[in-house]
Amino acid sequence: MIGITSYGGYIPRLRLDRMSIFQQMGWFAPAIIMVAQGERSFCNWDEDAVTMAVEASRDCLRGMDRAAVDAFYLCSTTMPFADRSCAGLGKAALNLRDDILAQDFSTSLRCGTSALITAMDVVRAGERTRVLVTASDRRETRAAYFYEMWFGDGSASLLVGNEDVVAEFLGSYSLTYDFVDHYRGSRKTYDYMWEERWVRDEGYSRIIPEAISGLFEKLSITMDDVDTLVFPCFFKAEHRKIAAKLGASPEKVVDNMHEVCGETGAAHPLVMFVSALEKANPGDRILLAGFGQGCDALYFRVTENIRNLAARDGIRSSLGNKKPVDNYPKFLKFRDLIQTETGIRAEAPTQTAMTVLWRKRKMLMGLVGGKCRECGTAQFPKMDICVNPDCTAAHSQEDYEFADKPASIKSFTGDLLSVSVDPPAVYGMIQFDEGGRFMADFTDCELDGVRVGQRVRLVFRRRYTDSERGFTGYFWKAVPLPGTGPEKEEALGGIRFDGRVAVVTGAGAGLGRVYALELARRGAKVVVNDLGGSRDGEGEGSRSPAEGVVEEIEALGGEAVANYDSVATPEGGRAIVDRAVEAFGRVDILINNAGILRDKTLAK
């Protein structure tokens, strides 16, 4: 028996309310109101067809032996490279074996179903035993267009094999026509679309029924032998009409998903198929069709093994994990459809050294670090010497994959100075439960929702784009998981400084005052330093700012002393420290906050 042995899916969490497109651009294109129902999925700024494919594939391979996969087919019409194997890129991110076949399928919206048939043929012939087929698309359109409403972003993955089959493959039938309803030239960004009724009346409505009828004849079956019918068509009414023409009752037909995510291109037949498998019972018979310059039709029967497959995120969970967006300009910026000024900070060189990428490919693409054979300490990146001070063994590191290991946030910040498509840039230190840590960019989160101690999962994302050379660089980022960390007050309250002595300079007002009060609230004894000068640095100084903060701390039950020396001289700095030692006997914490804002250049 051959067929599907596992499945997975991924829909990006961002969902654009289609009505927001009409609200912003209805003055220009009033007709788009006709398809403004529901929401469409769209990639975060650091996602593309490859990153989505990796996520869907990871979901599909959950609990499976990755070493058993001996072929990987990546299917997309929007791959980021014209001459670089994106399947090879995905294979590296998934840490699959080197001795496998990795192949791209492209140039047609039915490349996903065509690759699936190819995988079935290969496994049946005995050439391969486990073939991973993943389809993913992130299609671009011009703004305020019907297709902007119809399209969505997403990915789905299927593992084909001959053991533990959850959906047995019973046969297929294909038609190939040079039917052109749209196309995209090799150097073009957007598809050129012929009028909609052409693809509706002569494409979907004729070619899909012809292929399915051909399958019926080939396998000697009828629609009575089909429990679930899966086929793409972004025209909602026509989707229903085609099903009725084929004799399928409404309850047999999988929804085209227009309201919940949109049409996900080459991925869509597999996205719909995975959504059907999520609800399937043993014995269900599923007919899957893919459309694009012809049509593929495939027939499956669900087996008892569907009950034994471990839970996946799949399409259902991905659809539930969403963040509604009604900010249409943000959508346009994330798609790079509007040009904005990013300043000189964005002019840093982005050229990738291919030699370094190759030598460090496991670390950069697969997030592979090291684990010491002698003491079991995990570390990232992999080094020649173990970081455990009680071990320090040399050349003892074995490859250790971090991408699926549990981790949590140790520290983080929101940086408004760093260049970011979605400011502030959020990043911080993450700690793996089994050892190892690294400084990671955070994604799919808002700063207000990030907490120290919060759990994270690692995702493969775009790190940068070298537009001058047409190169995209990838790395792993951390996604904080909502509801897994302490609440804000609990997280903050858990950090105490009892018995510690803190010196805060410039603490008479502003941020310095806030630091001093917060440290005192957490148990620290505070030296409140402030010269008391005016904002422009002029004047004799005043004791009242520092003394006022000391009074506030004492009123809260804390301990504090004031100091009025200047940090501008070595003598002043020494006097501040002496005051702390005199009052409290030690110094544990220093926040050198003092400074004067001057409207002058460094040269002056």
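Everything quoted here is computed from the prediction, not taken from an experiment.
The closest donor-acceptor contact from the side chain of Ser20 to the backbone of Asp17 lies under 3.5 Å. At distances below 3.5 Å, at least one donor-acceptor pair connects side-chain atoms of Arg312 with backbone N or O atoms of Cys60. A side-chain donor-acceptor contact under 3.5 Å links Glu278 to the backbone of Ile315. Using modelled atom types, no side-chain atom of Thr392 and backbone atom of Pro389 make a donor-acceptor pair closer than 3.5 Å. Here the side chain of Asn95 pairs no donor or acceptor atom with the backbone of Val368 at under 3.5 angstrom. For the pair Asp588 (side chain) and Val501 (backbone), a donor-acceptor distance under 3.5 Å is present. A donor-acceptor pair under 3.5 Å is formed between the side chain of Asp59 and the backbone N or O of Gly314. The backbone N or O of Gly506 sits less than 3.5 Å from a side-chain atom of Asn593, completing a donor-acceptor pair. Between the Arg15 side chain and the Leu319 main chain, a donor and an acceptor come within less than 3.5 Å of each other.
The neighbour count for Arg463 CZ, taken as heavy atoms of other residues, nucleotides or ligands under 6.0 Å away, does not exceed 12. Environment of CZ in Arg66: crowded, with over 12 heavy atoms of neighbouring residues, nucleotides or ligands closer than 6.0 Å. With a 6.0 Å radius and a threshold of 12 heavy atoms from other residues, nucleotides or ligands, Arg84 has its CZ atom above the threshold. Counting heavy-atom neighbours within 6.0 Å of Lys362 NZ, excluding the residue itself, gives a total of 12 or less.
For the 3.5 Å distance criterion, the side chains of Asp137 and Thr78 qualify, holding a donor opposite an acceptor. With no hydrogens or angles considered, no side-chain donor-acceptor pair links Ser318 and Asp313 at under 3.5 Å. There is a side-chain donor-acceptor pair under 3.5 Å between Lys333 and Thr340. Looking at Thr134 and Ser57, their side chains do bring a donor and an acceptor atom within 3.5 Å of each other. Checked by atom type, the side-chain pair Thr465/Ser467 shows no donor-acceptor distance below 3.5 Å. In summary, the side chains of Asn529 and Asp565 do not present any donor paired with an acceptor at a separation below 3.5 Å, with no hydrogens or angles considered. Counted by atom type alone, Tyr10 and Asn321 present zero donor-acceptor pairs between their side chains at under 3.5 Å. Looking at Asn592 and Thr505, their side chains do bring a donor and an acceptor atom within 3.5 Å of each other. There is a side-chain donor-acceptor pair under 3.5 Å between Asp46 and Thr443. Under the 3.5 Å distance criterion, with hydrogens and angles disregarded, a donor-acceptor pair is assigned to the side chains of Tyr400 and Glu434.
Take Gln454 and apply the side chain to side chain contact (heavy atoms under 4.5 Å, CB included) test, not counting sequence neighbours, and it matches Ile409, Val450, Arg451, Pro480, Thr484. For the salt bridge (Lys or Arg N to Asp or Glu O under 4.0 Å) test, residues two or more places apart in sequence or in another chain that qualify with Glu55 are Arg58, Arg457.
Of the candidates Arg461, Arg138, Arg13, Arg461 is the only one forming a side-chain contact (heavy atoms from CB on, under 4.5 Å) with Glu47.
The pair Glu148-Arg142 fails the salt-bridge criterion, with no side-chain N (NZ, NE, NH1 or NH2) lying under 4.0 Å from an Asp/Glu carboxylate O. With respect to Lys330 and Asp422, a salt bridge is recorded, a charged nitrogen being found less than 4.0 Å from a carboxylate O. Salt-bridge check for Asp153 with Arg139: failed, with every basic side-chain N at 4.0 Å or more from each acidic carboxylate O. Salt-bridge formation is not detected for the pair Arg18/Glu259: no Lys NZ or Arg NE/NH1/NH2 atom is positioned less than 4.0 Å from an Asp or Glu carboxylate oxygen. A salt bridge links Glu446 with Lys323; the closest basic N to acidic carboxylate O contact falls under 4.0 Å. Asp98 and Arg361 are not joined by a salt bridge, as no carboxylate oxygen comes within less than 4.0 angstrom of a charged side-chain nitrogen.
Side-chain contact between Phe151 and Thr264 is absent, with no heavy-atom pair separated by less than 4.5 Å.
A cation-pi arrangement, defined by a distance under 6.0 Å to the six-membered ring centre and an angle within 45 degrees of its axis, is absent between Arg462 and Tyr474.
Listed by first then second residue, pairs satisfying ring pair (Phe, Tyr, Trp, His ring centres under 6.0 Å) with a partner in residues 369-395 read Phe380-Phe402, Phe380-Phe438, not counting sequence neighbours.
Considering all non-hydrogen atoms of both residues, Ala53 and Ser155 come closest at CA-OG, 3.5 Å. Across all their heavy atoms, Gln431 and Gly436 have their closest contact at NE2-O, 3.3 Å. The heavy-atom pair separating Arg455 from Pro406 by the smallest distance is NH2-CB, 3.2 Å. Taking all atoms of both residues into account, the shortest heavy-atom contact from Cys386 to Gln379 is CA-OE1, 3.5 Å. Residue Gly90 comes nearest to Val54 through the heavy atom pair CA-CG2, 4.3 Å, listed as atom of the first residue, atom of the second, then distance. Contact between Ala507 and Asp530 at its shortest, heavy atoms only, is N-OD2, 3.5 Å.
Aromatic pair Tyr464/Phe475: ring centres not closer than 6.0 Å.
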